[in-house]
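Have a look at the structure below before the remarks.
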Protein chains: 2
Amino acid sequence: MMNYHDPHQHIFRALADPTRRAILSMLSQGERPIGEIASEFEMTRPAVAKHLKILKEGDLISITEAGRERIHSLNPTPLKSASDWLNFFDQFWDDKLTQLKTQVEQSND
Amino acid sequence: MMNYHDPHQHIFRALADPTRRAILSMLSQGERPIGEIASEFEMTRPAVAKHLKILKEGDLISITEAGRERIHSLNPTPLKSASDWLNFFDQFWDDKLTQLKTQVEQSND
DNA sequence: TTGACATGAAACCATTTGGTTTTATATATA
DNA sequence: TATATATAAAACCAAATGGTTTCATGTCAA
């Protein structure tokens with residue numbers, strides 16, 4: 001079950017967890033090794049490492065090895081495709097605004 | 001565990017499943033009762049009903065009762081907040097483009 | 001070179017998720 | 001009224017998810 005080849009799947013799946021979204025925000029301020037990332041959360045390092053693995057599967061982070069550290073940095077590009085998917089719905093959001101505006105104008109007659 | 005009061009949580013959770021994203025796309029073309037929605041997927045109606053429940057929890061759909069039918073329609077407004085969250089990262093995506101552009105320009109010297 | 005540090009990897013666990021089948025209820029329709 | 005239709009609701013299940021603890025490995029530094 002759940003064997004869709006939806007190109008967005010890995011990204012939306014990665015975004016579904018609040019810890020992972022927080023990690024992305026954190027990495028937007030600069031690259032960090034795992035230990036440093038983990039110290040910001042109330043969970044163990046292996047738990048954070050698993051989240052990082054899922055972010056990696058969505059290609060949302062890049063990893064470079066530096067001695068015994070593995071530096072994680074944000075790879076924002078794939079977020080664009082999720083953003084594009086969502087932006088399709090902007091037209092309906094705009095429609096709602098237009099409808100509202102029309103109603104307001106009519107009520108001013 | 002997982003008791004975040006993250007305002008985006010319900011929305012991103014709803015978006016994490018490909019069936020639910022497909023339902024949103026489908027509803028963007030017009031409102032439909034459950035049975036009609038379910039007939040488009042290779043799963044039982046109760047399964048689709050559960051997906052609709054999760055979409056409802058994210059306030060992404062509205063439901064109006066019409067006799068024995070329950071008409072589901074897209075409520076696109078909350079998608080804006082997910083879109084806003086993602087658009088924060090556009091600056092980094094743009095940075096990448098800028099960097100690339102700069103590199104290209106330098107290589108042309 | 002010895003010990004501390006940063007990480008990976010594996011085994012394990014409870015809960016959630018995404019599906020099913022079955023049963024019940026309210027509304028249309030012949 | 002009897003029957004078919006649209007849905008809800010509950011019980012159940014396998015697999016995925018999000019966490020833990022424990023152990024192994026490679027790298028840095030005294």
Side-chain angles (χ1 to χ4, degrees), chain A residues 1-6 8-27 30-73, chain B residues 1-6 8-27 30-73:
Chain A
M1 227 99 42
M2 249 297 291
N3 191 15
Y4 291 74
H5 352 28
D6 184 329
H8 303 107
Q9 185 50 27
H10 282 110
I11 298 169
F12 277 114
R13 191 255 180 152
L15 293 176
D17 185 273
T19 300
R20 290 194 289 269
R21 291 197 302 279
I23 291 174
L24 290 179
S25 293
M26 186 184 307
L27 291 181
E31 56 185 26
R32 284 178 179 76
I34 286 199
E36 217 170 296
I37 298 170
S39 69
E40 303 278 335
F41 295 95
E42 289 180 342
M43 66 183 69
T44 59
R45 183 169 27 217
V48 171
K50 283 190 182 182
H51 284 304
L52 290 170
K53 188 183 172 197
I54 290 169
L55 288 170
K56 187 74 177 64
E57 282 168 10
D59 195 30
L60 296 173
I61 57 175
S62 305
I63 305 175
T64 61
E65 311 220 350
R68 60 184 160 179
E69 288 186 336
R70 309 183 77 223
I71 309 298
H72 291 66
S73 57
Chain B
M1 227 96 45
M2 251 296 294
N3 190 15
Y4 292 74
H5 354 29
D6 184 328
H8 303 106
Q9 184 51 27
H10 282 108
I11 298 168
F12 278 113
R13 193 257 179 150
L15 293 176
D17 185 273
T19 300
R20 290 194 290 268
R21 291 197 302 280
I23 290 173
L24 290 179
S25 293
M26 186 183 306
L27 291 182
E31 56 185 26
R32 282 178 179 75
I34 287 199
E36 217 171 297
I37 298 169
S39 69
E40 301 279 335
F41 295 95
E42 289 179 342
M43 68 183 68
T44 60
R45 184 169 28 219
V48 171
K50 284 190 182 182
H51 284 304
L52 290 170
K53 188 184 172 196
I54 291 169
L55 288 169
K56 187 73 175 68
E57 282 167 9
D59 195 30
L60 296 173
I61 58 175
S62 306
I63 305 174
T64 61
E65 312 220 351
R68 61 185 160 179
E69 289 186 336
R70 307 183 79 223
I71 309 298
H72 292 65
S73 58

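By convention in this document, chain letters (A, B, ...) are assigned in the order of the sequence lines, proteins followed by strands, and residues within each chain are numbered from 1.
- For R32(B) and E40(B), the salt-bridge test fails: no basic side-chain N is under 4.0 Å from an acidic carboxylate O.
- Distances from the side chain of E69(A) to the nucleotides dT7(C), dT20(D), dT17(C) place dT7(C) closest.
- We find that CD of E42(B) is positioned 18 Å from P of dG18(C), with the value rounded to whole Å.
- A donor-acceptor contact under 3.5 Å links the side chain of R68(B) to the base of dT5(D).
- One finds a side-chain N or O of R20(A) lying less than 4.0 angstrom from the OP1 or OP2 phosphate oxygen of dG18(D).
- Here the nucleotide nearest the side chain of H51(A), chosen from dT17(C), dG19(D), dT7(D), is dG19(D).
- Side-chain proximity of K50(B) to the nucleotides dA8(D), dT17(C), dG19(C) is greatest for dG19(C).
- Protein atom NE2 of H72(A) is 12 Å distant from nucleotide atom C1' of dA6(C), rounded to whole Å.
- Across all strands shown, P33(B) has heavy atoms under 4.0 Å from sugar-phosphate atoms exclusively, and none from any base.
- No side-chain heavy atom of L60(A) sits less than 4.5 Å from a side-chain heavy atom of R20(A).
- For the pair L55(A) CG and dT17(D) C1', the interatomic distance rounds to 14 Å; values are reported in whole Å.
- A 4.5 Å side-chain heavy-atom check between H72(A) and K56(A) finds every atom pair outside the cut-off.
- Summarising the geometry, the separation between CD1 on I54(B) and P on dT17(D) is reported as 14 Å, rounded to the nearest angstrom.
- Among dG19(C), dT20(D), dA8(D), the nucleotide with an atom closest to any side-chain atom of I34(B) is dA8(D).
- The nucleotide whose nearest atom lies closest to any side-chain atom of A47(A) is, among dA6(C), dT20(D), dG19(C), dT20(D).
- Of the residues I37(B), I71(B), I63(B), I61(B), the one that meets the side chain to side chain contact (heavy atoms under 4.5 Å, CB included) test with E31(B) is I71(B).
- Mapping A66(A) and P46(A) onto DNA chain D via the closest heavy atom, the residue that lands nearer the 5' end is P46(A).
- Taking the side chain as every heavy atom from C-beta outward, H10(A) and D59(A) never approach each other to under 4.5 Å.
- Listed pair R13(B) / dT16(C) fails the phosphate criterion, with no side-chain N or O lying under 4.0 Å from OP1 or OP2.
- For F41(A) and dT20(D), the CZ to C1' distance is 18 Å, given to the nearest whole Å.
- Taking atom CD of residue E65(A) and atom C1' of nucleotide dG8(C), one finds them 11 Å apart after rounding to whole Å.
- Listed pair T44(A) / dG19(D) fails the phosphate criterion, with no side-chain N or O lying under 4.0 Å from OP1 or OP2.
- Atom C1' of nucleotide dT16(C) and atom NE2 of H10(B) are separated by 13 Å, given to the nearest angstrom.
- Rounded to a whole Å, the CZ atom of R45(A) is 11 Å from the P atom of dC5(C).
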